[in-house]
Amino acid sequence: MPIRKRVTAPSLLLLVLASGAHADESKPDDLPIFDELDRIVVTATLNERAQKDVAGDVTVIDALEIDRRQVQGLDDLLRYEPGVSVTGGATGGNRFGIGGISIRGLGGNRVRMEIDGIAVPDAFSIGSFSSAGRDVVDVDALKRVEIVRGAASSLYGSDALGGVVSYVTKDPNDYLGPGGGQFLSGKLLYNSADRGSAESGTWAGGNGEHGAVVVATHRDGSALDNMGDVDSADTSRTRPNPQDTKSNAVLAKYVHTAPSGRIDRIAIDGEHADDDTDVLSSVTNAPTTALEGHDVRNRWRFSVGQEIPFASLLADSADWKAYWQESEATQDTFEDRLASASPTQRFRRFEFDQRVVGAEATFRKSATTGAAEHAITYGVDLSRTRTEESRNGFQRNVLTGETTNVVVPDTFPVHDFPPTDTTNAAVFGQDEIKLAGGSLSLIPGLRFDYYKLDPQNDPIYSEVNPVAPASLNDTSASPKLAAIWRFDDTFSAYAQYAHGFRAPPYNDVNLGFTNLAFGYTSIPNPDLKPETSNGLEIGLRGGGRYGFFSLAAYENRYRDFIESEAVVDVDPETGFITFQSINLSRVKIRGFEARYGLDFGAFSDALRGWSLKGSLATARGDDETAHQPLTSIDPAKAVLGIAFDRERWGAELVGTFVERKDRLPKPTEDAPTVLFAAPGYATLDLYSHWKVHPRVELYAGLTNITDRKYWDWGIVGGFAESSTIDRYTAPGRAARVGLRATF
C-alpha cells in the first residue's frame with residue numbers, strides 16, 4: 001500500500017464561488033470583543049451569560065481567532081490555552097494522531113467533548129495496533145469553542161469529571177442580516193509544518209424567517225514535521241514516518257423563526273478522514289521488514305430541536321433536542337515478516353463503533369421572591385449508546401500459502417468487551433439567585449444520574465473468557481454551590497464547590513481477554529465504584545475601559561480512580577497472571593490560572609490599535625495512594641501576545657514560555673523506568689491579516705520563529721528516556737498562508 005502525495009487545485013474553489021450573492025457585511029465574527037470577560041458563554045450555566053457572571057474559569061475561542069491564526073486542527077486550536085492540552089498528537093508521523101484533550105491534568109474520556117450539546121464518541125485503545133481518538137470535529141464548522149475547567153457533573157453528568165469542551169457550530173444568522181439575503185465565501189489555507197492544505201466553502205441564505213447554512217471543507221496533508229535527524233527505516237528512526245492524510249467534513253443546518261418567537265432547528269454534520277502511514281519506525285528487519293497502516297474514521301450526526309417561548313407558572317421558555325450520532329473507526333495494519341527464513345504476511349483489523357440516540361429538554365423560569373431574583377434552569381437528559389469493538393486478522397505463509405487466524409499473542413477474532421448498551425437518564429436543576437441589589441449571586445445546582453450497563457450475548461467474547469460479563473446499574477448525585485460578589489461594575493470575586501463523578505465504563509467493567517499460552521487472563525469487575533471528585537475554586541476578576549484580568553486558584557480531590565488492567569493475582573505455582581480493572585488511586589490536583597489584557601488605545605490615541613493579552617497556568621498533582629507525582633499534569637505555561645489591529649490590517653506576536661517538567665514519579669522496583677523530563681522552552685509566533693478588498697482578506701503566519709527544539713508534554717508525558725525521543729519533537733520554523741474571499 002504505497003504512500004501517495006495528492007495534488008490539489010485550490011483555485012477551483014474560487015471559480016465555483018464566483019457569484020453575485022449578497023449578504024449583510026456586519027457579521028458578528030467581524031466584531032472582536034477585546035474584554036474577554038464580556039464574551040458570552042452558554043456551556044457553564046446552560047444560559048447565555050457573560051464570562052464575568054460565571055462562577056468558574058471559562059474561556060472562549062471564536063471564529064475570528066480560528067481564521068486569523070489559520071487553525072487547521074485541534075492542536076492549533078488549543079495552542080495558546082495554558083492548562084489545556086491535546087494528548088496523543090500527530091508529531092513524528094504517529095499514525096493514530098490526536099487522542100483527546102486534557103484539562104487541569106485529567107484527560108481521555110474524563111473530559112466531556114460535545115458538538116452542539118451532543119457528546120462526541122469515546123476514545124478507546126488496546127495494544128499497539130488499535131487506538132480510536134476523539135479528534136472528529138472539523139474546526140471550520142465552528143463559530144466558537146467554550147472550555148469549562150473543572151468538574152461540571154452538576155449539569156453534564158458522568159462525562160465531565162475533568163471539564164467540558166463545547167463546540168458550537170455556525171448558524172445562518174451568523175452571516176445574514178435581519179432581513180435575510182445571501183452569503184458565499186471560500187477559504188484556502190496552507191501550513192508548511194505538514195504540507196497541509198485546506199479548501200473550505202460556506203453558503204448561507206434566508207429571508208428572515210427561514211435560513212440555512214452549509215459549510216464544506218476538504219483537507220490534505222502529510223506527517224507533521226519534527227526536529228529529528230535520523231532518517232533510517234528501523235526503530236532508531238527519529239524523522240516523521242511518511243504519512244498521507246485527507247478528510248472531508250460538512251455541516252448543513254436549517255433554522256426557522258416563527259412569528260411567535262419559536263425557533264426550529266435541523267442539523268446534519270459529519271466528517272470522513274482517511275490516513276495512510278508507512279510506519280518505518282517499527283521496522284526491525286528481523287522479523288518485521290515492513291509495516292503500513294490504513295486508518296479511517298467516520299462520524300455523522302442528525303439532530304432536531306426547538307426553542308419555545310411561553311408564559312406559565314412552570315417556565316418562561318424551553319428548548320429541546322433529539323439526536324442520533326454514529327461513529328466508526330477502522331484501522332488496518334499490514335505487516336511483512338521474515339522469521340526462520342520463512343516470509344509471512346500479517347493483517348490486523350481493529351474496529352470501534354458507537355451509536356447513540358438521545359433527547360434532552362431544558363426549561364427556564366424567572367421569578368422574584370422578596371428581595372431575591374431567581375433564574376431557574378431545570379431539565380431532563382436521556383441517552384442510549386451501543387458500543388462495539390473487535391479485532392480480527394490472519395497470518396499467511398508467503399511460500400506455502402498457508403493461512404492461520406493465530407497471530408501471536410492473539411487468536412482472532414477477538415472482542416475485548418462484549419457489545420454493550422449504556423443507558424443514561426438524568427434530571428437536573430439550578431437556580432441563579434441575585435441578592436443585595438444584584439451585588440451577590442448564589443448558584444446552587446444538583447443533578448441525579450441513573451446509568452446502566454447492559455452487555456449483550458457475545459459468543460466470541462464468551463469463548464475465551466471464563467467469567468460471564470457483568471451488568472451494572474447505579475445512581476449518583478452531583479451537587480454544586482457557587483457564589484459571585486460584585487464589588488462594583490468593575491471588580492468581582494467568586495467561589496465554587498463542585499462534586500464530580502464518572503460512572504465505570506463498559507471497557508473497564510468487562511474488559512476480558514485470555515491467553516493460556518502466554519499465561520494471563522483479564523476478568524470483569526461488577527463491583528467497580530464511580531470515580532468521584534470534590535473541588536473548590538476561588539477567583540477574582542476585573543474589567544473596564546483599559547483592560548481586564550481574571551485570577552483563579554483551585555484544589556480538586558479525586559477518589560476511586562479506576563486503574564485499568566491491574567494485576568490482582570499471580571498463581572505461585574504456574575505464574576498465571578489475572579488482570580482486572582480496580583478502584584485504586586486517591587489523587588489531589590491544585591493549581592493557579594490567570595488571564596489579562598491591556599488596551600493601550602484607551603490610554604492614548606497615539607497607541608490606538610495596540611493591545612496586549614496574556615495567560616498562564618501552573619498545577620501540582622499527586623497520586624496519594626502511590627505517594628508519587630502525577631505524570632498527566634502539564635508543566636507551568638505562560639502565553640503573552642502583543643497585537644496591532646486596524647480596520648484593514650493587523651499583526652500579532654505571541655510568545656509561549658513553558659517550564660521544565662522536573663516533577664515526575666521516581667523509579668520503583670515495580671516500575672523501574674526512568675521517565676523523560678521534557679526541558680523548558682520559549683517560542684515566538686507571528687500572525688498577520690490584511691483586508692486587501694472589502695471582500696478579500698489575506699492571512700500569513702510564521703510559527704516557532706527561532707526554530708526552537710522542544711517537546712509538548714501532552715504528547716511525551718509518561719515516555720521513557722530513550723535515544724529516539726527526538727521522534728516526538730514539535731515542528732521547527734514553519735510558515736502559514738491563507739486567503740478568504742466573500743461574495
Query raised in the report: Would you say the side-chain atoms of Ser153 pair up with the backbone N or O of Ala151, donor to acceptor, closer than 3.5 Å?
Result: no
Requested in this report: Test Arg262 against Asp264 for salt bridge (Lys or Arg N to Asp or Glu O under 4.0 Å), laying out the working first.
Outcome: CA-CA 7 Å; Arg262 188 192 76 244; Asp264 311 315; 2.8 Å; yes
Report task. Could you tell me whether Arg301 and Asp116 make a salt bridge, using a distance below 4.0 angstrom between a side-chain N and a carboxylate O? Result -> yes
Query - Asn207 side chain vs His210 backbone, donor-acceptor pair below 3.5 Å - result: yes
Query raised in the report: How close do Ile118 and Ser303 get, heavy atom to heavy atom, and via which atoms?
Result: CD1-CB, 4.0 Å
Query - Whether Asn510 side chain and Asn507 backbone form a donor-acceptor pair below 3.5 Å - result: no
Query raised in the report: Any chance the side chains of Ser533 and Asn556 put a donor and an acceptor closer than 3.5 Å?
Result: no
Query raised in the report: Any luck finding a side-chain donor-acceptor pair between Tyr450 and Asn424 under 3.5 Å?
Result: no
Query raised in the report: What is the distance from atom CD of Glu388 to atom OG of Ser390, rounded to the nearest 0.5 Å?
Result: 8.5 Å
Query raised in the report: Is it the case that Tyr506 and Asp122 place a side-chain donor and acceptor less than 3.5 Å from each other?
Result: yes
Query raised in the report: Roughly how far apart are Leu64 CG and Lys143 NZ, rounded to 0.5 Å?
Result: 15.0 Å
Requested in this report: Count the heavy atoms of every other residue, nucleotide or ligand shown that sit under 6.0 Å from CD1 of Ile538, and state whether that count exceeds 12.
Outcome: no
Report task. Examine distances only and state if a side-chain atom of Asp474 and a backbone atom of Tyr451 form a donor-acceptor pair shorter than 3.5 Å. Result -> no
Report task. Examine distances only and state if a side-chain atom of Glu146 and a backbone atom of Val42 form a donor-acceptor pair shorter than 3.5 Å. Result -> yes
Query raised in the report: Do other residues, nucleotides or ligands put more than 12 heavy atoms under 6.0 Å from Phe310 CZ?
Result: yes
Report task. To the nearest 0.5 Å, tell me how far Ile147 CD1 sits from Glu81 CD. Result -> 4.5 Å
Requested in this report: Let me see the working for Thr387 and Gln354 under side chain to side chain donor-acceptor pair (under 3.5 Å), right down to the final yes or no.
Outcome: CA-CA 5 Å; Thr387 306; Gln354 274 195 327; 3.1 Å; yes
Query raised in the report: Got a sec, which residues hit side-chain hydrogen bond (donor to acceptor under 3.5 Å, both in side chains) with Glu326, two or more places apart in sequence or on another chain?
Result: none
**Report entry** Donor-acceptor under 3.5 Å (Ser200 side chain, Asp140 main chain)
**Finding:** no
Query raised in the report: Taking atom types as modelled and ignoring hydrogens, do the side chains of His218 and Asn248 form a donor-acceptor contact shorter than 3.5 angstrom?
Result: yes
Query raised in the report: Hey, what do you get for CG (Asn473) to OG1 (Thr422), rounding to the nearest 0.5 Å?
Result: 12.0 Å
Query raised in the report: Taking side chain as C-beta onward, heavy atoms only, is Pro455 less than 4.5 Å from Ser471?
Result: yes
Query - Pair Asp62 + Arg144, salt bridge at N-O below 4.0 Å - result: no
Query raised in the report: Looking only at side chains, do Thr377 and Asn47 share a donor and an acceptor under 3.5 Å apart?
Result: yes
Query raised in the report: Sub-3.5 Å donor-acceptor pair from the side chain of Gln456 to the main-chain atoms of Asp454, do we have one?
Result: yes
Query raised in the report: Should Phe548 and Glu36 be marked as a side-chain contact (heavy atoms from CB on, under 4.5 Å) after you check the CA-CA gap, both sets of side-chain angles, and the distance that decides it?
Result: CA-CA 8 Å; Phe548 68 91; Glu36 295 181 359; 3.7 Å; yes
Report summary line: Output for pair (Asn109 CG, Leu161 CG), nearest 0.5 Å, gives 11.5 Å
Query - Arg557 side chain vs Asn534 backbone, donor-acceptor pair below 3.5 Å - result: no
**Report entry** Minimum heavy-atom distance Pro172-Ala204, with the two atoms named
**Finding:** O-CB, 4.5 Å
Query raised in the report: Can you check whether Gln51's main-chain N or O pairs, donor with acceptor, with Arg541's side chain at less than 3.5 Å?
Result: yes
Query raised in the report: Is it true that the side chains of Trp320 and Glu360 contain a donor and an acceptor less than 3.5 Å apart?
Result: no
**Report entry** Side-chain donor-acceptor contact under 3.5 Å, Ser166 with Glu114
**Finding:** yes
Query raised in the report: Roughly how far apart are Tyr323 OH and Ile115 CD1, rounded to 0.5 Å?
Result: 13.0 Å
Query - Presence of salt bridge, Asp319 and Lys321, under 4.0 angstrom - result: no
Query raised in the report: Taking atom types as modelled, is there a side-chain donor on Glu389 or His415 under 3.5 Å from an acceptor on the other?
Result: no
Report task. Using distance alone, with no hydrogens and no angle criterion, decide if Ser131 and Ser125 have a side-chain donor and acceptor under 3.5 Å apart. Result -> no
Requested in this report: Write down the atom of Tyr167, the atom of Leu77, and the distance for their closest heavy-atom approach.
Outcome: CE2-CD2, 4.3 Å
Query raised in the report: Between Lys480 and Gln430, does any side-chain donor sit less than 3.5 Å from a side-chain acceptor?
Result: yes
Tell me which donor-acceptor pairs under 3.5 Å the side chains of residues 366-374 have, and how far apart each pair is, sequence neighbours excluded?
unit_1, atom_1, unit_2, atom_2, d
Thr369, OG1, His374, NE2, 2.7
His374, ND1, Asp431, OD2, 2.8

Query raised in the report: Just checking, Arg104 and Tyr554: is the charged tip under 6.0 Å from the six-membered ring centre and within 45° of the axis?
Result: yes
Query raised in the report: So, for Pro504 and Leu453, which heavy atoms are closest and what is the spacing to 0.1 Å?
Result: O-CD1, 3.5 Å
**Report entry** Between Ser476 and Asp449: side-chain donor-acceptor atoms closer than 3.5 Å
**Finding:** no
Query raised in the report: Does a side chain donor of either Asn525 or Ser581 reach within less than 3.5 Å of an acceptor in the other side chain?
Result: no
Query raised in the report: Nearest heavy-atom pair of Gly181 and Leu176: which atoms, and what distance?
Result: O-CD2, 3.8 Å
Query - NZ/NE/NH1/NH2 to OD/OE distance under 4.0 Å, Asp159 and Arg502 - result: no
Query raised in the report: Given the rule in the salt bridge (Lys or Arg N to Asp or Glu O under 4.0 Å) test, do Arg595 and Glu593 qualify, once you have shown the distances and angles that lead to the verdict?
Result: CA-CA 7 Å; Arg595 288 182 289 136; Glu593 296 166 345; over 6 Å; no
Query raised in the report: Hey, does the side chain of Arg134 reach the backbone of Gly99 with a donor-acceptor pair shorter than 3.5 angstrom?
Result: no
Query raised in the report: Would you call the rings of Phe124 and Phe417 parallel, tilted or perpendicular if under 30° counts as parallel and over 60° as perpendicular?
Result: perpendicular
Report summary line: Scanning both residues in full, the closest heavy-atom pair of Arg49 with Ala375 reads NH2-CB, 3.8 Å
Query - Salt-bridge contact Lys452-Asp421 (side-chain N to carboxylate O under 4.0 Å) - result: no
Query raised in the report: Would you say the side-chain atoms of Tyr378 and Lys365 include a donor-acceptor pair closer than 3.5 Å?
Result: no
Query - Between Glu271 and Asn298: side-chain donor-acceptor atoms closer than 3.5 Å - result: no
Report task. Would you tell me whether Lys52 and Ser492 have side-chain atoms, one donor and one acceptor, within less than 3.5 Å of each other? Result -> no
Query raised in the report: Will you find, in the side chains of Arg219 and Gln72, an N or O donor that is under 3.5 Å from an N or O acceptor?
Result: yes
Report task. Identify whether the distance between the nearest side-chain nitrogen and carboxylate oxygen of Glu537 and Arg149 falls below 4.0 Å. Result -> no
Report summary line: Contacts of Tyr80 meeting ring-ring contact (aromatic ring centres under 6.0 Å, His included) (sequence neighbours excluded), chain-then-number -> none
Query raised in the report: Is the closest side-chain donor-acceptor distance between Arg297 and Thr330 under 3.5 Å?
Result: no
Report task. Indicate whether any N or O donor in one side chain lies under 3.5 Å from an N or O acceptor in the other, for Ser441 and Arg486. Result -> yes
